[in-house]
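Both ligands and their constituent atoms are indexed starting at 1 by order of listing. Since the model is a prediction, treat every value here as computed from it, not as a measurement. Index from 1, following the sequence.
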Amino acid sequence: MSTSTGSSNPETLADYVASQDVLVKEAAEALPHQFSQCTYPLGHLRQAVYLCLACPEARGICSACSIACHTDHEQIELFPKRNFRCDCPTESIAHACSLHATLERSNESNEYGQNFQALFCRCKRPYDAASEKETMIQCLACEDWFHESCCNLRERPNSEYVPPENQDQDPNGDAASDASNELPPALIGPGDYDAFVCGNCVLQMPLLQKYAGTRGCLIVTRDKPSCPWKVFQDLYVDLIELQEVSESSTRAAGQKRALSPTAIVSDNTVKRPRLSPVLTPYTVECSAPTSNSTIQKIFVDLASMTDPSFALSTGDIFLSEGFRERWCQCPSCLLELEAHPYLSKEEETYEPPEDPDSALSLEELGMRALSRLPRERAIDGIQAFNAMRDHLVQYLRPFAQEGKVVNEADVRNFFDRLSEEKRASREYQVD
Ligand SMILES: [Zn+2]
Ligand SMILES: [Zn+2]
Ligand SMILES: [Zn+2]
Ligand SMILES: [Zn+2]
Ligand SMILES: [Zn+2]
Ligand SMILES: [Zn+2]
């Protein structure tokens with residue numbers, strides 16, 4: 001497949017570009033949104049944030065700025081970050097903002113964690129979309145991203161670690177390694193939980209530690225460092241369940257309790273029973289579960305642990321659907337919930353306004369799609385890449401000027417014409 005890498009054959013670029021129509025299609029699907037306004041004037045919002053890798057400053061920009069101001073800069077999408085204000089038009093980024101004319105002061109309250117160094121997870125690895133085989137999970141609290149394997153949901157996929165003795169094997173063995181790249185199912189699959197909170201964040205939230213290991217709040221543990229990881233299961237019946245039993249005595253016996261957490265996670269097709277909310281706004285007594293002693297010890301150990309490779313858990317928790325309605329509402333729990341509003345109220349994420357007159361947006365989006373091409377695979381080098389992008393802009397400009405909507409066929413036509421031109425020029429050109 002990729003044997004033509006490094007060739008200077010001009011057709012190679014056209015072929016490669018034509019294969020990128022998925023990206024262009026993706027861009028066209030984003031068409032209804034308007035990307036002509038920086039979100040800076042809107043203040044601090046939960047919004048999709050981008051990191052520009054070409055600009056030296058480790059600062060975040062809004063999606064409109066990522067398209068309009070840093071068009072030909074390589075970027076990575078960091079997905080939503082709460083309480084974030086665009087730093088493109090501020091003093092903290094030297095590259096000028098083309099959407100917001102006034103130079104603003106730096107946003108001091110933006111939180112710039114390791115994601116803005118292009119590092120993710122507790123393993124602090126960079127993210128490479130081309131080689132990353134694992135799903136990454138975003139922490140509800142700190143909004144960092146975690147590898148499933150770093151949460152002990154599965155082994156690290158083979159593809160990422162090639163033992164030294166295998167490193168010099170023939171590079172055409174792709175088929176064999178593809179087969180081994182099939183990931184085993186995760187201990188807790190994406191369908192088994194609604195939200196994830198990383199161990200570091202759970203350590204700072206005593207309320208979450210109380211719920212850890214109860215139904216609807218899964219935690220992965222092991223009995224000893226030499227034992228395999230498993231979903232923690234306790235015979236302990238928490239108060240939620242007790243209440244359910246008493247409330248549902250008229251219901252068919254065992255209907256809700258037939259499924260243990262293990263049964264749920266070991267078979268993704270089993271519909272998780274919906275836990276009924278415990279709404280006791282006038283109770284003064286705390287109805288949060290009493291921490292299980294094993295789990296309690298895990299968090300005590302984690303807080304003082306220097307070598308995490310001996311830990312019996314990462315402390316990560318996986319909250320099942322409806323978790324926001326299940327917290328205890330006693331004054332002391334409420335106080336803790338108020339400190340972390342996202343635990344009890346789903347947050348809104350800003351979306352750019354709808355734009356019915358979006359021909360120009362496609363020009364922008366088309367460029368965005370093209371700017372996502374991995375640089376190392378821009379086969380004819382940066383010049384050909386830029387020339388092709390200029391062609392596309394030229395091609396799309398009349399659409400924008402006439403306010404015509406560009407459809408997929410138009411974009412395809414561009415790439416077809418491009419390959420034809422390249423083919424023609426190759427016939428004349430003899431190197
Ligand atoms: Zn912006
Ligand atoms: Zn930039
Ligand atoms: Zn900008
Ligand atoms: Zn990791
Ligand atoms: Zn976290
Ligand atoms: Zn309480």
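- Per residue His73, closest N, O or S atom to the Zn ion (ligand 2): atom name ND1.
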Next item on the list: Begin from the C-alpha positions of Glu104 and His100 and carry the test side-chain hydrogen bond (donor to acceptor under 3.5 Å, both in side chains) through to its verdict.
Entry: CA-CA 9 Å; Glu104 307 283 354; His100 185 89; 2.8 Å; yes

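- When distances from the Zn ion (ligand 2) to the N, O or S atoms of His70 are compared, ND1 comes out shortest.
- For Arg222 (side chain) and Ala311 (main-chain N/O), a donor-acceptor pair under 3.5 Å exists by modelled atom type.
- With the Zn ion (ligand 4) as the vertex, SG (Cys121) and SG (Cys123) define an angle of 110°, rounded to 10°.
- No donor-acceptor pair closer than 3.5 Å links the side chain of Gln117 to the backbone N or O of Lys124.
- Below 30°, between 30° and 60°, or above 60°: for Phe196 and Phe318 the angle between ring planes is between 30° and 60°, a tilted geometry.
- Taking the six-membered ring for Trp and thresholds of 30 and 60 degrees, Phe84 and Phe116 have nearly parallel ring planes, at less than 30 degrees apart.
- Note that CD of Gln296 and OG1 of Thr290 are 9.0 Å apart. Values are rounded to the nearest 0.5 Å.
- Taking backbone and side chain together, Cys52 holds an N, O or S atom under 2.8 Å from the Zn ion (ligand 2).
- Salt-bridge formation is detected for the pair Glu347/Arg46: a Lys NZ or Arg NE/NH1/NH2 atom is positioned less than 4.0 Å from an Asp or Glu carboxylate oxygen.
- A salt bridge does not link Arg122 with Asp144: every distance from a Lys NZ or Arg NE/NH1/NH2 to an Asp or Glu carboxylate oxygen is 4.0 Å or more.
- Nearest N, O or S atom of His147 to the Zn ion (ligand 4): atom ND1.
- Within the protein, the N, O or S atoms sitting under 2.8 Å from the Zn ion (ligand 1) are Cys38 SG, Cys62 SG, Cys65 SG, Cys86 SG.
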